[in-house]
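Data block below; observations after.
Quick note on labels: first sequence line is chain A, next is B, and so on, each numbered from 1. Owing to the predicted nature of the structure, the values given are computational and were not obtained by experimental measurement.
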There are 2 protein chains.
Amino acid sequence: MSEQIDKSEKTTNEGSSRRRLPPKERRQQIIDEAVRFFAEVGLSGKTRDLAKRLGVTQSLLFNYFATKDDLLEAVYEKVYLGRLSADWPERLTDRSVPLRARLLAFYQEYSALIFERHWMRIFMFSGLAGADLNHRYLKHLGDVIFRPLLDETASLAQSDVCPTMEDIWNLHGGIVYIGIRQHIYCMPGPEYPEEPIAKAIDKYLLLFGIPHDA
Amino acid sequence: MSEQIDKSEKTTNEGSSRRRLPPKERRQQIIDEAVRFFAEVGLSGKTRDLAKRLGVTQSLLFNYFATKDDLLEAVYEKVYLGRLSADWPERLTDRSVPLRARLLAFYQEYSALIFERHWMRIFMFSGLAGADLNHRYLKHLGDVIFRPLLDETASLAQSDVCPTMEDIWNLHGGIVYIGIRQHIYCMPGPEYPEEPIAKAIDKYLLLFGIPHDA
DNA sequence: AGCTTTACAGATCATGTGATCAATAAGATT
DNA sequence: AATCTTATTGATCACATGATCTGTAAAGCT
């Protein structure tokens, strides 16, 4: 009879019995769900709610992460890591390709990576919380993307308007704001983000009189 | 002797005795400090910490606001209200003034209003929390600012590029991102925001071939 | 000065929350 | 099948947190 009960419990969705997973696997499972969870409810989300989503006990979380902050650190890393391909700096400075093509390629790929609900919200939450990873990421972005981009622009600028770092920020901000509208403010966005992105890039190039094939 | 103790306590900064304030005044005092407080630590800030800042007991807060959510509502209203001057719609559509001058005037004033730590952060926190006021504000912005702006732009556009709402969003996002960098990401911003703002506007006009005096 | 009103403080409740630990059972090994 | 290892649970602790309630004293009035 107890066997019958056990079987019925096994068919019950998820609530059945404890399932043992290899530590590595369970750890990943926790992190993956934690990303979705904290991205939705914010960094002050409760560990009990996260555990409920995972279908495990709250105490299990503390078997894999000493503190909640440690778990959040893992979430940050999971989200931040690999968000910036290492080959972009060279591709952005490859002068055998027109600057416009380089900018288009970069922002098409980059936007595809960051216009994602989890990333956008975790980034904003951690930014508001003053997380260190946030500052480091932006510093990194400035070093490997914006600085080279400014140099490339300056070397091609035809108009009398001198490109500054603020121009790069304006280009970047205008594009990123598409994602902010969608995932932070939860507003409808453009059907094809590629279009406004391309337009933003063309507007940028036009300001400095840089032709499309330069 | 007890009198002496009383006197020494009175000289103690703030921790002395209870000070009776008129309810209206106290309520305003609470709201004002709550704005600063929640803008800094987030909407999950604790009522006890807020009370400590005010130099009153935590229970007093609940004498003025039935729940913490009520207090937050008051904070929202305080921050959101009056952020959009009512006369902007007409000023933006006053065709006796060049569009460039109108845009400059608007964004100079608007940026002065919103590039403020409290507003920026409360807006972002409430946006992430999905607050209704947030959506209403953005809807309002679209109705009374963006829509007219699009019409004005379309009526003056000379180039073959057709202005869309996404172009307005790009102009707006690029400018607002200056404030996001400063107050959300806590990065250094431009010394004079007027300069990059003006440049963003000129870039926008240039895309549609609109001369400065049109 | 004495009285009344009520803004305020202090204690307290009920629940929430991060974290701990001994007991248990799932799955591998023999 | 019996045994061992350890991933997982359930109970629990200590403290935090929103909210309540009663008593107190500060200001206004007579």
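The nearest whole Å value for the distance from the CG atom in B:L43 to the P atom in D:dT17 is 15 Å. Protein atom CD of B:Q29 is 14 Å distant from nucleotide atom P of C:dA7, rounded to whole Å. Atom CZ of B:R27 is separated from atom C1' of C:dA7 by 15 Å (rounded to the nearest Å). Rounded to an integer number of Å, the gap from CG of B:L61 to C1' of C:dG10 is 15 Å. One atom, CG of A:D70, and another, P of C:dT20, lie 11 Å apart when rounded to the nearest Å. When rounded to the nearest whole Å, the span between CZ of A:F62 and P of C:dT17 equals 12 Å. Atom CG in B:L54 sits roughly 10 Å away from atom P in C:dA9 (whole-Å rounding). Atoms NZ (A:K52) and P (C:dT17) sit 10 Å apart, rounded to a whole Å.
A:R53 CZ: more than 12 foreign heavy atoms inside a 6.0 Å radius.
A:Y76 and A:N134 share no side-chain donor-acceptor pair at under 3.5 Å.
Comparing B:R20 and B:A66, the nucleotide of DNA chain D nearest to each residue sits closer to the 5' end for B:A66.
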Check your understanding: Run the side chain to side chain contact (heavy atoms under 4.5 Å, CB included) check on A:I180 and B:I180 step by step: do they pass?
Key -> CA-CA 11 Å; A:I180 294 179; B:I180 294 180; 3.9 Å; yes

Practice item. Would you please test B:K139 and B:H135 for side chain to side chain contact (heavy atoms under 4.5 Å, CB included) and show each step? Key: CA-CA 6 Å; B:K139 168 122 180 38; B:H135 297 134; over 6 Å; no

Exercise for review: Give the C-alpha distance, both sets of side-chain angles, the deciding distance and a yes or no for side chain to side chain contact (heavy atoms under 4.5 Å, CB included) between A:Y64 and A:D70.
Suggested key: CA-CA 9 Å; A:Y64 289 89; A:D70 284 1; over 6 Å; no

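Of the side-chain N and O atoms in A:R26, one or more sit less than 4.0 angstrom from OP1 or OP2 of D:dT8.
Of the listed nucleotides (D:dG18, C:dG18, D:dT8), D:dT8 has the atom at the smallest distance from the side chain of A:L21. Here the nucleotide nearest the side chain of B:N63, chosen from C:dC8, D:dA19, D:dT9, is C:dC8.
Remark: aromatic rings of A:F38 and A:H118 are distant, center separation not under 6.0 Å. Side-chain rings of A:Y137 and A:W119 approach one another, their centers coming within less than 6.0 Å.
When heavy atoms are screened at a 4.0 angstrom cut-off, B:P23 is found touching the sugar-phosphate backbone but no base atom. Among the heavy atoms of the strands lying under 4.0 Å from A:Y64 are primed sugar atoms or P, OP1, OP2 only; no base atom is included.
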Output one line per pair: protein atom, nucleotide atom from nucleotides 10-12 of chain D, and distance, for all N/O pairs under 3.5 Å.
residue : atom : partner : partner atom : Å
D:dG10  : O6   : A:S59   : OG           : 2.8

